[in-house]
Amino acid sequence: MSGQLILVIEDEPDISELLEYNLTAQRYRVICTESGETGLDLASRERPDLILLDLMLPGIDGLEVCRRLREKDETASIPIIMVTARGEESDVVTGLELGADDYITKPFSPKVLIARARAVLRSSRSTPVDAEKPIRVHGIEIHPGRHEVKVEGNSVELTNTEFKILNLLARRPGWVFTRYQVVDGIRGENYPVTERSVDVQIVSLRRKLGEKRDVIETVRGVGYRFKE
Ligand code: CA
């Protein structure tokens, strides 16, 4: 969709120009600022459709910007993609848990950037995915109502927790979930699931998925995602 407004908060002029150039070429409207404070003002005033947020900013940093955006009613639901440097995985985890939607790591290809921006803009417009609806993705069928999983047509026995984790990840292919978000997403009854035990559950889940084990990808230092 063209004409949507994207706010870029980034203090490195080269990156900022690269973002502006590529987004404008896709007919997005773009406003840039190099400061977190100005970014917060612009976000409240202009209500952009998406914010690209550098984490390492002079003055208030990106995580603080993210926190403040989420606190204010008028900016709470604006999608945020964090723009990070390598080695900032722990900041990425914090950012995702503060409510950022996704992240890209510098240096990034313009193609990846545009794809991520589109995906986030699309999912922010659509209604939440119905977790009870059967889905089929990468040869895996999930029937929440029947609590059934089939890999290439063959039934696979999963525990309740494994089922919930698979169902959570598979509904948003390409989306990174931190361990905490997995725990949070499958909570409901009295689930004794901790962040540490998520890793154990994933190992078991992958084993049961057999030849399809690779659909669950580890995002080093951050968490897990279902293959896009
Ligand atoms: Ca920076």
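Order of listing sets the numbers, starting from 1, for every ligand and every atom in it. Owing to the predicted nature of the structure, the values given are computational and were not obtained by experimental measurement.
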The Ca ion (ligand 1) to nearest N/O/S of Glu10 less than 3.0 Å: no
CD (Glu228) with more than 12 external heavy atoms under 6.0 Å: no
CD/Glu148: more than 12 non-hydrogen atoms of other groups inside 6.0 Å: yes
Which N, O or S atom of Asp11 lies nearest to the Ca ion (ligand 1), by name: OD1
Verdict with reasoning, Arg67 to Glu71, per salt bridge (Lys or Arg N to Asp or Glu O under 4.0 Å): CA-CA 6 Å; Arg67 186 177 292 120; Glu71 271 169 13; 5.5 Å; no
Flag side-chain contact, heavy atom, 4.5 Å: Thr84 against Ile104: no
N/O/S atom name from Asp54 that is nearest to the position of the Ca ion (ligand 1): OD2
